[in-house]
Structures are given as structure tokens and as C-alpha cells.
Novice: 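Have a look at this one before I ask anything.
In this chain, numbering begins with 1 at the start of the sequence shown. Just so it is clear, the structure is predicted and the values come from calculations on it, not from any experiment.
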Amino acid sequence: MKKLTLISIAIMFAMIVNLSGQNQSSVLANLDEFILEKMETFHVPGLSASIIIGDSVVWNNNYGFMNLEDSIPVNDSTLFNVFSIGKSLTSACVMQLWDKQFLGLDQNINDFLPFQIENPWNDADSITARMLMSHSSSINDGNIYNFVTIGDPTISLDYFLENYLCPGGEYYSNNNYYNALPGTVFHYSNYGIALNGYLIEPLTGISFNQYASDSLLTPLEMNNSAWFLDELNIDNLAIGYSYSGGNFVPNQHLGHPAYPGVSLRSTALELANCVIMLSNEGMYNDMNILTSDAVDSMTTIQNPAWTFSYGTTGLGLFTRDDYGDRIVWGHNGGSDGGYAAHFYFCKEENSGIVITTNSEQYVDPIVLQMFEYAGLMVFAESASQISDSSFYANWQPASISTGYLLDVAYNEQFTNFLTGYENLDVGLDTTYSLTGLSSNTNYFFRLRSYNATDTGAYSNIIGLTTLLGTGVGNAQSGNVKIWSSGKTVNIDLTQNQGAEAKVSIYSLSGQCLGSFRLIDGLNSIPLYVKRQPLCVKVSCRNKNFYKKVMVW
């Protein structure tokens, strides 16, 4: 048994994380330090985290150990049991069948079940998929721990549900249902979601886990994720730990016949693909995994009074407003068996987060900090309108920013700043014109965003070279004529017979694309480049002639 301390985490963290080395005084800029501090506070041995903006994972990192006994660090491939987050993916599978009109959300599930169920307290048999996904089906799973197994379950999903829900079944009791009319009262139900997943089997003729793998996990590139232990690489599965008496106690890998809602194993990066799909109205990699109508249904509050520790229920998702000034949708998973995970996205800020841990503690402060970090993330874009003495710096907006700080330097390490351009406050615009620069000179720029409470981390760095000098783009001399046609640059030297002459062709960023010796008369130089503007420099009789042209 090993006791994990902040020092041991920090040592391992220094070994496996590549720090930027930049001095950033912002609290948010030190996200790694914040996470390590909270891991110590919440007794978390290992953690993976990802931030999503739009359709991309823009930040991810791993901390601590997936296996304390053998000192194996967490990495991008580390799998965690994310427990109830599987309910969101199970619901997405059922919503795919709704998209295909295999079932209606408000259709009696007895219409297609091979066994019939009804609440014995009121003889109601009108349970629907909507009720199962919103935890209002009246199904009670109070004896859930009676069916936990070491390793994968030995009871099949269909056998378990029929014998638990139907009179005369091996596990049946009237107390397997709440004394409530289905659809009227919220009771969080693992077995309700298991039944929701089971609907797929009579409707498609294949097992739930096979359907989920083929129709959801594979299209989402969640190729290492699975509900069963024998379907994943067990060497990548983190050991779950309970914290007791100052020590971490390892747990065994467990299973349950109601697996669709309690047994999903995945990585933070693979779960991020599902966040991308949900936050982009069902699209992932230009594929419709779900329709926008299906996602809208999942992210619609079913009853404002139906609340739980995870938030207010939609369909397979919960919404909450306690992560700063934002509304998020998603799900928690775990706080039992040695694991806890978070899976959330914010539509308005176009961002999302995933956190997976091998601890039984939810880490809500890290969730909030990651959303704040995402909201202040700024991305620099390529410079535009580059001339010999100016260019425009461009960037994408940060969702919760109230302004930006611009740095411009002569070197990529930002140790030699352009005068006046260190932490220059450029307001809330997303472009800035720099003038009075030197020609044919390398410049680099980066940004940070800020708001009333904090300043974000540095953006990516953009480098550029100003053009060659005064005269670029001016009218051509009468002695040398320069023009383009298609992908050919034409140079007429008929008035300079017998002169030594050559041409150099540059991109607008200053990269030389080629130099050529010229002959008297008309020269035609083919260029195998994409459509772009170019700078042509002709040297003849100790004079330089410049012309900016467009090649097609």
C-alpha cells in the first residue's frame, strides 16, 4: 500500500508533463498546479482531463498514477470506469433508434418487449423510453449491490431484467417498483437506464453492447472504450482506490448485469469525442451520429422539479448552473468503487470538459476551473495584409473575455519585444493593425484574454516576415515589365539587352520560392504553387525592381 502525497504527485507530474516554461502570473494560467493541489485535497491518485472547444480537444493532460502499487503513471490511453456517464451514451443509442423511427419516446415499451412489465402498486403498464431516460419510470433499484460481481457479470441483461421486473421472476418483488404512477415522480434509477438500453435488443436483434460498439463507439472513434472487461485492454485500466485512514485501498474490477448504466470504461480523450458530438448538434467528423432534434430532446428539461445531485434531468443528461455563470449539460459518474468522473458541455460558450479519476471523490472545483480556463482560451490566427512595414494580427474570440493583451517580439522566445508591444491592451477587437515596422524582418505575436476576475493563458504563437522593402507592388519600371498569367510569371527585358539579370520570387511571408537567371527579351517562369499573391524581385544593371503579382 502506498500513500500518495502532493510531493510524490508533483515529482511524477514533472516527469510526464511538458511545461511551457513561460512565466504566467494568472491563476488560470497555472491550471496544472491547481489540479495537482485539488488532487491532494480530494485524495485523488490519478486523473485525466480534457477541454473541448467547438469540434476540437484544445487541451488535455494526465496526472498521478493509474496504479500506485507499481507506480504506473496515468497517460492518454488510461481507461477509467466512468459508471453513470454510460447512461448518456446508452440514451444516445436509443435516440439513434428514435431518429430512425424504430420507436417513439412516448410509446409504451410493452409494445416491443418480449416480456410485459407493469407497476404492481397501480397496475400501470405505460412506461415509455422518455420515462426511462428521465428517471421517472417508477422502477426501483434499491438492492443494486446484491448483483455486483467481481469481473464481468454472469447474468445476462435480458434474464436479469425479466426476472427483476416481472411477477414470478427470480428477483421479483413489489418493492422493485416505487408506489408512484410512471411519469409523475423522479427517482434516479440505474435499472431504468438498463431497461432503456435493453430496448435496443428486441428492436435490432443484436445485443446492446454490440449495437453500441458498432453504431456509437466506433463512429465516435472510441475504439478502446467498452462496457465489458473482456472487451478492453485490461493493462490500460486504472485501478480504482478508496481512501481510508490516510491510505489508498485498491478495489477489484467489478461488473453488474444492469451494465448499460453502470459499467462503461473509457478514456478522457475518447469521452471528449462524445462531448464534441453532443455540443455540435449530433455531428462528429462530418457524420450525423444523432440528428439535431435528438440532441435537442436530450437537452430539454423534462420537469423543473425533477432534480438530483447531478442537476435537473433531460433525457440521459442533466443540466446544472453551479459551475460559474453558465448552464452546462452532461453527467457525473462514479463516487463509488474507486472512480469518479465528470462529463459536461456548455452550449453558449461552445466548450466542454471531461475529467476521469481513480478516486471516489468528485472534483467540482476542477470542473469550474477548467470551464473558466476554456472561456479565456484565445487562439491566434495567421497574420494578414502583410506589407514591408505593417501587418494585421488576428485571433479568435474567447467566450468570456472582456479584452486581450497582445505581445509582439523579434524572437519566438519573447525575450526581445517590439517596443510598446508587451502586454499591450488592445481591447475587445479580434484584429489589430501594426504599422511602422522594418522590412524583411521576422516578427512573432501571441495574446492573452482577460475579464474582470482573471487573465487567461498565452495563446499559440504566430510568426511572419514583413515584405522585402519599399516598392513592392508599385508600378513597374519602363525598363523591366513584370506580370503574371495563370501560374506563369512573365518578365520582359527587351530594353536591357546584354545586361546581367536574375529574378527571385518570394511569398508574402518572405519565403524565397526560387531564383532564376534571366535572358534578354521575354522570360516566362512557370510556378507550381497554389493560388496566392507573390513578390517578384528582378535585379538588373545594379537596380532592383519589385512587383506584387497573383498566380492562379
Novice: Just by modelled atom types, is the Ala457 backbone N or O under 3.5 Å from a matching donor or acceptor in the Tyr373 side chain?
Specialist: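 Between the backbone of Ala457 and the side chain of Tyr373 there is no qualifying donor-acceptor contact (under 3.5 Å).
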Novice: Would you say Asn451 and Ser401 are linked by a side-chain donor-acceptor pair, where the criterion is simply a distance under 3.5 Å?
Specialist: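 No, no side-chain donor-acceptor pair sits under 3.5 Å.
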Novice: Do the side chain of Ser387 and the main chain of Ser390 share a donor and acceptor less than 3.5 angstrom apart?
Specialist: yes
Novice: Work out which heavy atom in Ala49 is nearest to a heavy atom in Ala268; give both atom names and the distance.
Specialist: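 Minimum heavy-atom separation between Ala49 and Ala268: N-CB, 4.2 Å.
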Novice: Answer with yes or no whether the side chains of Asn285 and Glu221 bring together a donor and an acceptor at under 3.5 Å.
Specialist: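 Their side chains do contain a donor-acceptor pair, which is all the 3.5 Å distance test asks for.
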Novice: Does either side chain, that of Asn62 or that of Ser48, offer a donor lying less than 3.5 Å from an acceptor on the other one?
Specialist: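 Their side chains do contain a donor-acceptor pair, which is all the 3.5 Å distance test asks for.
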Novice: Decide ring-ring contact (aromatic ring centres under 6.0 Å, His included) for Tyr410 and Tyr443; before the verdict, give the C-alpha distance in whole Å, the side-chain angles of both, and the deciding distance to 0.1 Å.
Specialist: CA-CA 5 Å; Tyr410 295 103; Tyr443 292 96; 5.4 Å; yes
Novice: Crowded around Ile327 CD1? As in, over 12 foreign heavy atoms under 6.0 Å?
Specialist: no
Novice: Is there a donor-acceptor pair closer than 3.5 Å between any side-chain N or O of Asp99 and the backbone N or O of Thr291?
Specialist: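 Yes, the answer is positive, given that a donor and an acceptor are paired below the 3.5 Å cut-off.
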Novice: Taking atom types as modelled and ignoring hydrogens, do the side chains of Ser77 and Asn236 form a donor-acceptor contact shorter than 3.5 angstrom?
Specialist: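 No pair is found: no donor N or O on one side chain lies under 3.5 Å from an acceptor on the other.
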Novice: Is it the case that over 12 heavy atoms from other parts of the model lie below 6.0 angstrom from the OH atom of Tyr392?
Specialist: no
Novice: Would you verify whether the NZ or CZ of Arg320 falls within 45 degrees of the ring axis of Tyr310 while also being under 6.0 Å from that six-membered ring's centre?
Specialist: no
Novice: Looking at Ser213 and Leu217, would you say the former's side chain and the latter's main chain have a donor-acceptor pair under 3.5 Å?
Specialist: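 The answer is no, because no donor-acceptor pair under 3.5 Å joins these two groups.
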Novice: Would you find a donor on one side and an acceptor on the other, under 3.5 Å apart, between the side chain of Asp388 and the backbone of Ser439?
Specialist: no
Novice: Going by heavy atoms in the side chains, are Ile289 and Met95 under 4.5 Å from each other?
Specialist: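 Counting from C-beta outward, Ile289 and Met95 never come under 4.5 Å.
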Novice: The test is side-chain hydrogen bond (donor to acceptor under 3.5 Å, both in side chains); show your working for Asp55 and Tyr284 and say whether it passes.
Specialist: CA-CA 8 Å; Asp55 58 2; Tyr284 180 79; over 6 Å; no
Novice: Start with the C-alpha distance between Glu270 and Leu220, add both sets of side-chain angles, then the distance that settles side-chain contact (heavy atoms from CB on, under 4.5 Å), and finish with yes or no.
Specialist: CA-CA 8 Å; Glu270 291 195 357; Leu220 287 176; over 6 Å; no
Novice: Compute whether any side-chain donor of one residue and acceptor of the other, for Asn61 and Asp32, lie under 3.5 angstrom apart.
Specialist: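 Yes, side-chain donor-acceptor contact under 3.5 Å.
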Novice: Does any N or O in the side chain of Thr218 come within less than 3.5 Å of the main-chain N or O of Asp214, such that one atom is a donor and the other an acceptor?
Specialist: no
Novice: Between Leu97 and Tyr211, is there a side-chain heavy-atom distance shorter than 4.5 Å?
Specialist: yes
Novice: Start with the C-alpha gap between Tyr339 and Ser359, add the side-chain angles, then the distance that decides, and say whether side-chain contact (heavy atoms from CB on, under 4.5 Å) holds.
Specialist: CA-CA 5 Å; Tyr339 302 93; Ser359 159; over 6 Å; no
Novice: Is it the case that the side chains of Ser215 and Gln96 hold a donor-acceptor pair, with the cut-off being a distance below 3.5 Å and no angle test?
Specialist: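 Side-chain D/A pair, Gln96 to Ser215: absent.
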Novice: If you take all heavy atoms of Phe345 and Ser279, which pair is closest and at what distance?
Specialist: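 Taking every non-hydrogen atom into account, CD1-CB, 3.8 Å.
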Novice: Count the heavy atoms of every other residue, nucleotide or ligand shown that sit under 6.0 Å from CG of Asn411, and state whether that count exceeds 12.
Specialist: yes
Novice: Are Asn490 and Ile525 packed together at the side-chain level, in the sense that at least one heavy-atom pair is separated by less than 4.5 angstrom?
Specialist: no
Novice: Does one side chain, of Tyr432 or Asn394, offer a donor that lies under 3.5 Å from an acceptor on the other?
Specialist: no
Novice: Mark yes or no for whether Thr402, through its side chain, and Tyr450, through its backbone, hold a donor-acceptor pair below 3.5 Å.
Specialist: yes
Novice: Stepwise, does the side-chain contact (heavy atoms from CB on, under 4.5 Å) test hold for Phe34 with Ile366?
Specialist: CA-CA 8 Å; Phe34 182 88; Ile366 299 179; 4.2 Å; yes
Novice: Kindly give the heavy-atom pair with the smallest separation between Gly333 and Phe83, and that separation in Å.
Specialist: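 Shortest heavy-atom contact: C-CB, 4.0 Å.
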Novice: I need the Ser56 OG to Asn280 CG distance, nearest 0.5 Å.
Specialist: 9.0 Å
Novice: So, the side chain of Thr300 versus the backbone of Met298: is there a donor-acceptor pair under 3.5 Å, distance only?
Specialist: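 Flag not set: sc Thr300 to bb Met298 has no pair under 3.5 Å.
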Novice: Nearest 0.5 Å, please: how far is CD1 in Ile53 from SG in Cys346?
Specialist: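 It comes to 11.0 Å.
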Novice: Shortest non-hydrogen contact from Asp454 to Leu376?
Specialist: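 Minimum heavy-atom contact is O-CD1, 4.0 Å.
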Novice: Mind checking whether Ser266 and Met222 have side chains closer than 4.5 Å, heavy atoms only?
Specialist: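 SC-SC contact between Ser266 and Met222 confirmed.
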Novice: Using 0.5 Å steps for rounding, measure from the CD atom of Glu231 to the CG atom of Asn224.
Specialist: 12.5 Å
Novice: Give a yes or no on whether Lys502 atom NZ has more than 12 heavy-atom contacts from other residues, nucleotides or ligands under 6.0 Å away.
Specialist: no
Novice: Mind checking the CG-NE2 spacing from Leu271 to His342? Nearest 0.5 Å is all I need.
Specialist: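 One finds 12.5 Å between CG of Leu271 and NE2 of His342.
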Novice: Which pair of heavy atoms, one from Gly316 and one from His331, lies closest together, and at what distance?
Specialist: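 Smallest heavy-atom distance, with atoms named: O-CD2, 3.6 Å.
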Novice: Roughly how far, to the nearest 0.5 Å, is the CG atom of Asn67 from the CG atom of Asn358?
Specialist: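 If I round to the nearest 0.5 Å, the distance is 9.0 Å.
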Novice: Between Met370 and Trp59, does a side-chain contact (heavy atoms from CB on, under 4.5 Å) hold up when you go through it step by step?
Specialist: CA-CA 10 Å; Met370 287 174 62; Trp59 178 95; 4.1 Å; yes
Novice: For the residue pair Ile462 and Phe444, establish whether any side-chain heavy-atom pair is separated by less than 4.5 Å.
Specialist: no
Novice: Is there a donor-acceptor contact under 3.5 Å from the side chain of Ser449 to the main chain of Ala398?
Specialist: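 The answer is no, because no donor-acceptor pair under 3.5 Å joins these two groups.
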Novice: What distance separates Trp395 CH2 from Ser382 OG, expressed to the nearest 0.5 Å?
Specialist: 14.0 Å
Novice: Looking only at side-chain N and O atoms, does Lys87 offer a donor or acceptor that is under 3.5 Å from a partner on Thr90?
Specialist: no
Novice: Quick one: does Leu447's side chain get under 4.5 Å of Phe379's, heavy atoms only?
Specialist: no
Novice: Looking only at heavy atoms, which two atoms of Ile200 and Cys93 are closest? And how far apart?
Specialist: CD1-CB, 3.5 Å
Novice: Evaluate the side-chain proximity of Asn60 to Ile51: yes if any heavy-atom separation is below 4.5 Å, no if none is.
Specialist: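 Not touching, per the 4.5 Å side-chain cut-off.
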Novice: Before giving the answer on ring-ring contact (aromatic ring centres under 6.0 Å, His included), spell out for Phe208 and Trp227 the whole-Å C-alpha distance, their side-chain angles and the decisive distance to 0.1 Å.
Specialist: CA-CA 10 Å; Phe208 166 77; Trp227 270 269; 5.1 Å; yes
Novice: Going by atom types alone, do Asp429 and Tyr404 pair a side-chain donor with an acceptor below 3.5 Å?
Specialist: no
Novice: May I have the step-by-step check of salt bridge (Lys or Arg N to Asp or Glu O under 4.0 Å) for Arg326 and Glu348, ending in yes or no?
Specialist: CA-CA 8 Å; Arg326 60 180 57 83; Glu348 290 73 20; over 6 Å; no
Novice: Taking Thr431 for the side chain and Ala393 for the main chain, is one N or O donor matched with an acceptor at less than 3.5 Å?
Specialist: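 Such a contact is found between Thr431 side chain and Ala393 backbone.
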Novice: Cut-off 3.5 Å, side chains only: do Ser515 and Ser504 have a donor facing an acceptor?
Specialist: yes
Novice: Contact between Ile52 and Tyr344 at the side-chain level, heavy atoms closer than 4.5 Å - yes or no?
Specialist: no
